[in-house]
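Read the structure below first, then the notes.
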Amino acid sequence: RCLSDWSSDVCSSDLDTLFDFQAAAVKIAARHLEKRGGVVIGDVVGLGKTLMATALSRLFQDPPHSLETLILCPRNLVGMWEDHAARYRLLGKIVPLSKARSVLPDLRRYRIVLLDESHNLRNRDGKTYGVVRDYIERNGCRCILLSATPYNKAYLDLANQLRLFLGPDK
């Protein structure tokens, strides 16, 4: 089957492995990414957040958007994301979150930022948070946040993640 986005049909035989609930989630996420500049895919482990985020990034990579994706993830997930990027022909760059402070200030513009394990950026006073937030703001990025635990200790955890792409007035 084809994955139908919010305005047209996008077919990719490589992404045909999405279950119906995942395809529906990607469609909803695409609308939020378009309208609000970001989306949180928060689901329990094993329900396919990685595949849904890959499909979502591909929707924005294909025309008419033609946007490349910067993937920020914990170091232990870099290999998995490299495999997904190669398998699904996802254009972009993968940077371990631990290297964000040294890489992002001089990194070229990517218009989609995918943050895997986004709950690692729940403290807006942290230096890594500041560098990531600055990159997103400076480059006008849309954000895809992935986390099985977007809310850890306080509602502020989730609020700070949303602040990566939403202004305080939103």
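Considering all non-hydrogen atoms of both residues, Val131 and Ala100 come closest at CG1-O, 3.5 Å. What you find for Met52 and Ala25 is that their closest heavy atoms are SD-CB, 3.7 Å. Across all non-hydrogen atoms, the minimal contact from Ser57 to Ile144 is OG-CD1, 3.6 Å. Taking each heavy atom of Gln22 and Gly48 in turn, the nearest pair found is NE2-CA, 3.5 Å. The shortest non-hydrogen separation linking Leu166 to Arg36 is CD2-O, 3.9 Å. Contact detail for Arg89 and Arg58: the closest heavy-atom pair is O-CD, 3.8 Å.
For the side-chain hydrogen bond (donor to acceptor under 3.5 Å, both in side chains) with Trp81, the qualifying choice from Thr54, Thr69, Asp116 is Asp116, the only one to do so. Exactly one residue among Ile94, Leu104, Val103, Leu115 makes a side-chain contact (heavy atoms from CB on, under 4.5 Å) with Leu70. That residue is Leu104.
A donor atom on one side chain and an acceptor atom on the other are found under 3.5 Å apart for His119 and Glu117.
A salt bridge links Arg138 to Asp134: one of the charged nitrogens lies within less than 4.0 Å of a carboxylate oxygen. Of the charged side-chain nitrogens involved, at least one lies within less than 4.0 Å of a carboxylate oxygen, so that Glu34 and Arg142 count as a salt-bridged pair.
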Inset, instruction - Any chance you could lay out the side-chain contact (heavy atoms from CB on, under 4.5 Å) test for Gln161 and Val40, step after step, and finish with the verdict? - result: CA-CA 9 Å; Gln161 291 169 71; Val40 176; 5.6 Å; no
Inset, instruction - Given side-chain contact (heavy atoms from CB on, under 4.5 Å), test Val39 with Leu56 step by step and report yes or no. - result: CA-CA 10 Å; Val39 66; Leu56 184 57; 3.9 Å; yes
Legend entry - Criterion side-chain contact (heavy atoms from CB on, under 4.5 Å) on Ile71 and Leu90, from CA distance to verdict: CA-CA 10 Å; Ile71 300 168; Leu90 187 58; 4.0 Å; yes
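Note on ring orientation: taking the six-membered ring where Trp is involved, the planes of Tyr88 and His84 are tilted (angle from 30° to 60°).
With contacts defined as side-chain heavy-atom distances shorter than 4.5 Å, the pair Leu121/Leu145 does not qualify. Counting heavy atoms from C-beta outward, Ile112 and Leu33 have side chains that approach closer than 4.5 Å. Under the 4.5 Å side-chain criterion, counting only non-hydrogen atoms from C-beta, Leu146 is not in contact with Ser118. Between Leu97 and Val132 there is a side-chain heavy-atom pair separated by less than 4.5 Å.
To the nearest 0.5 angstrom, His65 atom NE2 is 11.0 Å from Arg111 atom CZ. Rounding to the nearest 0.5 angstrom, the gap separating the CG atom in Leu72 from the CD1 atom in Ile136 is 7.5 Å.
Met80 and Leu114 fall within the same hydrophobic cluster, where Ile, Leu, Val, Met, Phe, Trp and Tyr residues are linked whenever their side-chain heavy atoms come under 4.5 Å apart, directly or through other members. Residues Phe60 and Leu91 do not share a hydrophobic cluster, defined by chaining ILVMFWY side chains whose heavy atoms lie under 4.5 Å apart.
A distance-only check finds a donor-acceptor pair linking the side chain of Tyr129 to the backbone of Asn160 [under 3.5 Å]. Using a distance-only test at 3.5 Å, with no hydrogens or angles considered, a donor-acceptor pair links the side chain of Arg133 to the main chain of Arg163. Under the 3.5 Å distance criterion, the side-chain polar atoms of Tyr135 are matched with a main-chain donor or acceptor of Tyr110.
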